[in-house]
2 protein chains.
Amino acid sequence: MAEGVVTIHDVAREAGVSIATVSRALAGSTTVAAATADRVRRAAAALGYEPNRAARALVTGRGQSVGLVIPDLENPFYSSVAKGMQNRVRAAGLTAIIADTDEDVDREREVLGQLAADVDRMILASPRAADADLLALAARSRIVLINRSLPGVPAVTADNADGIRQAVGHLLALGHTRIGYAGGPATSWSDAERRAGLTVAVDAWRAQDRDVTIVDLGAFRPGPAGGVAAADLAIAEGVTAVLVFNDQLALGLLGRLGERGVGVPEAMSVVGFDDVPVARLLAPALTTVAVPAQRMGAAAVDLLLAEVPPEGAAARVPEPGPRVVPVELQVRRSTAQVPRG
Amino acid sequence: MAEGVVTIHDVAREAGVSIATVSRALAGSTTVAAATADRVRRAAAALGYEPNRAARALVTGRGQSVGLVIPDLENPFYSSVAKGMQNRVRAAGLTAIIADTDEDVDREREVLGQLAADVDRMILASPRAADADLLALAARSRIVLINRSLPGVPAVTADNADGIRQAVGHLLALGHTRIGYAGGPATSWSDAERRAGLTVAVDAWRAQDRDVTIVDLGAFRPGPAGGVAAADLAIAEGVTAVLVFNDQLALGLLGRLGERGVGVPEAMSVVGFDDVPVARLLAPALTTVAVPAQRMGAAAVDLLLAEVPPEGAAARVPEPGPRVVPVELQVRRSTAQVPRG
DNA sequence: ACCAATCCTGAAAACGTTTTGATTCGCGGA
DNA sequence: TCCGCGAATCAAAACGTTTTCAGGATTGGT
């Protein structure tokens, strides 16, 4: 902010037109003669004109930034999502406002309120808020959900059930019949979906007269600390394989298993979820369901920015349903055939 | 954005005063009678008034958001920095605009230009840009650097030299005399500082007539991929310990060492830098120099938001020098005594 | 030639705030 | 009684843009 800031008036003077024409020419609007538009563009470039976002926002009624609400930036999955979002947002010439809620529902409410004042478009990753609150928000702002689905609200979700299906299929193929599931927070929509997928997969297996028992190890905060608790439970329950809600948990679990002297994969197989960048670098490399986090973030932005249907035709346009992105099991070293005996 | 939005005019009407008075009362300004101020505040609260940021920004000449420029959100160190920044920014009632540069200098230039148009205060983490460009930017906007120092520009840096000193001290105490250094990008200021610290530490040791050789393994992109190249070099050079530019590199190095059948720490000790959250969870847990990333982010915000000295007194105020945050070696399992023979 | 239609452009209003000069009011001193 | 002064308030200007409305010029049809 200083003296040298060039406004639309300067461009207008330079080009010998009115500010209205400059505005139109630069907006690529119709109804401006090609020659004039060119002259304006040239003048703007020469002066290095940059429209003042605040002024534009004021008159258009808010607009050139989108909010990103993330549970925990230190969770690699979400930082990947954030990266994907931020990239796409900036590519669209907008700016990304980011907010971390620390996996806390109260903090989330607070953040949402604050953000709603600044921004009229936002992307919510794995929101913990109640359906009603989310719907109320959706009524005032344009929002897109990630890893949560709600009727009438556009969303991008991973194919959680299919991921679980792939994972248990893999484990069953290796001969495991007693499998633990270490879940995420009870409020997590993703966890609910994965549990549902789990029972479907298991039922299908049983329908073939095959044996399998799923041991619910409980719900854990999605950090490494939760994983160590899960590890002890897994050992106590005598399972030969553990399906884990996400890679963060798996990380802690793997560590604890090592401490307890339980070899992975010889004595215990472990399957994670997300395929965060470190997963392949662990020893043993983690078998996990790969979720394209960056792509999900980008997809959410696309959905958010997709042209809202013209007033009249609203009813005709297909409702923006949840975009379900495919996931794919990455088989690595943390899973092996069930130990004999 | 809709009908129900309440403006300063509504508050003024409700309180029976002019909008000017409302503005002053809410700003906590002087020259407004206590009774009036109270009445205004009550009215504002009753109506749920939220000042329009765009309008305010327009008249005050830009203002209520700060930009955060990060080389790579997927690098856990930076996502921690981002988390710390974002927290503090939001606590101050501002909003954080985030931008990822993909560790690319051209991308960084582009981002900087784009951001400078939106924001007049920004925090640059490990910028790759040339000194001159940074100074030019600092002249126009208020900026704070992280992990880079430049005369006249406020900055928060880690005590890189001390970190290296601690690390080599540890390695020397364990009997290592042939130590490899796997560096970061040549353009990295942090790497330059660490290399400088390295020669100082080594010289001090030699002054005591002790033997030590540092083998420069080269410069690597700061991702796990760089680490595998470094691992092969380390083996080829016959070092018994490797000091690594950052934990990301160490991750790749550890993995490659495992593949090559080189036991850590029995055959090779490894020391990382940063202490990203996964470092303690690896097998073996990584010995590394802990850098308080979140705190650095928060400190940068504090520096950025510190009141700029009143016009006149400019010369008297101590220049905001670099805040150097202390670092601390975390000794874990990836380092051990030098192997015999 | 004239009228209508089309195309382009400009003047001015509007957006919601902060801030700058007035202006009013009450009060103490002369 | 009058004057001046400080305190509290207000009306209006300004910020830089988009957008509406109206006007002027050019064209085409008759």
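Here the structure is a predicted model, which is why all the values come from computation and not from measurement. Order of the sequence lines fixes the chain letters, A, B, ..., with proteins taken first and strands second; residue numbering starts at 1 for each chain.
By the 4.0 Å N-to-carboxylate-O rule, Arg323(B) lies too far from Asp302(B) to be salt-bridged with it. A salt bridge is absent between Glu14(B) and Arg42(B): the closest approach of a Lys/Arg side-chain nitrogen to an acidic carboxylate oxygen does not fall below 4.0 angstrom.
Rounding to whole angstrom units, CD1 of residue Ile8(A) and P of dT17(D) are separated by 5 Å. The nearest whole Å value for the distance from the CZ atom in Arg56(A) to the P atom in dC15(D) is 19 Å. Put simply, CZ on Arg53(B) is 14 Å from C1' on dG16(C), counting in whole angstrom units. Leu26(A) has its CG atom 16 Å from the P atom of dG16(D), to the nearest Å. Leu47(A) places its CG atom 15 Å from the C1' atom of dG16(D), with the value rounded to the nearest Å. Put simply, CG on Asp10(A) is 12 Å from P on dC15(D), counting in whole angstrom units.
Distances from the side chain of Val32(B) to the nucleotides dC10(D), dT17(D), dT9(D) place dT9(D) closest. In this structure, of dC15(C), dG16(C), dT9(D), it is dT9(D) that holds the atom nearest to the side chain of Ala33(B). Closest to the side chain of Leu58(B), out of dT18(C), dC15(D), dT18(D), is dC15(D). Side-chain proximity of Val17(B) to the nucleotides dC10(D), dT18(D), dT18(C) is greatest for dC10(D). Comparing dG16(C), dC10(D), dT9(C) against the side chain of Ser18(B) picks out dC10(D) as the nearest. Ranking dG16(C), dT18(D), dT17(D) by closeness to the Thr7(B) side chain, first place goes to dG16(C). Distances were taken from every side-chain heavy atom of His9(B) (C-beta onward) to each of dT17(C), dC10(D), dG10(C); the shortest belongs to dT17(C).
An OP1 or OP2 oxygen of dG10(C) is reached within less than 4.0 angstrom by a side-chain nitrogen or oxygen of Thr21(A). At dA8(D), none of the side-chain N or O atoms of Thr36(B) fall inside 4.0 Å of OP1 or OP2 (strictly under the cut-off). OP1 or OP2 of dT18(D) sits under 4.0 Å from a side-chain N or O of Ser23(A).
At the heavy-atom level, Ala20(B) lies under 4.0 Å from base atoms of the strands shown.
For the pair Arg39(A) and Ile19(A), both in contact range of DNA chain C, the more 5′-proximal nearest nucleotide belongs to Arg39(A).
No side-chain N or O of Ser79(B) forms a donor-acceptor pair with one of Glu74(A) less than 3.5 Å apart. A side-chain donor from one of Tyr78(A) and Ser126(A) sits under 3.5 Å from a side-chain acceptor of the other.
With hydrogens and angles ignored, a donor-acceptor pair closer than 3.5 Å exists between the side chain of Arg24(A) and the base of dG10(C).
The number of heavy-atom neighbours closer than 6.0 Å to CZ of Arg107(A), taken from other residues, nucleotides and ligands shown, is above 12.
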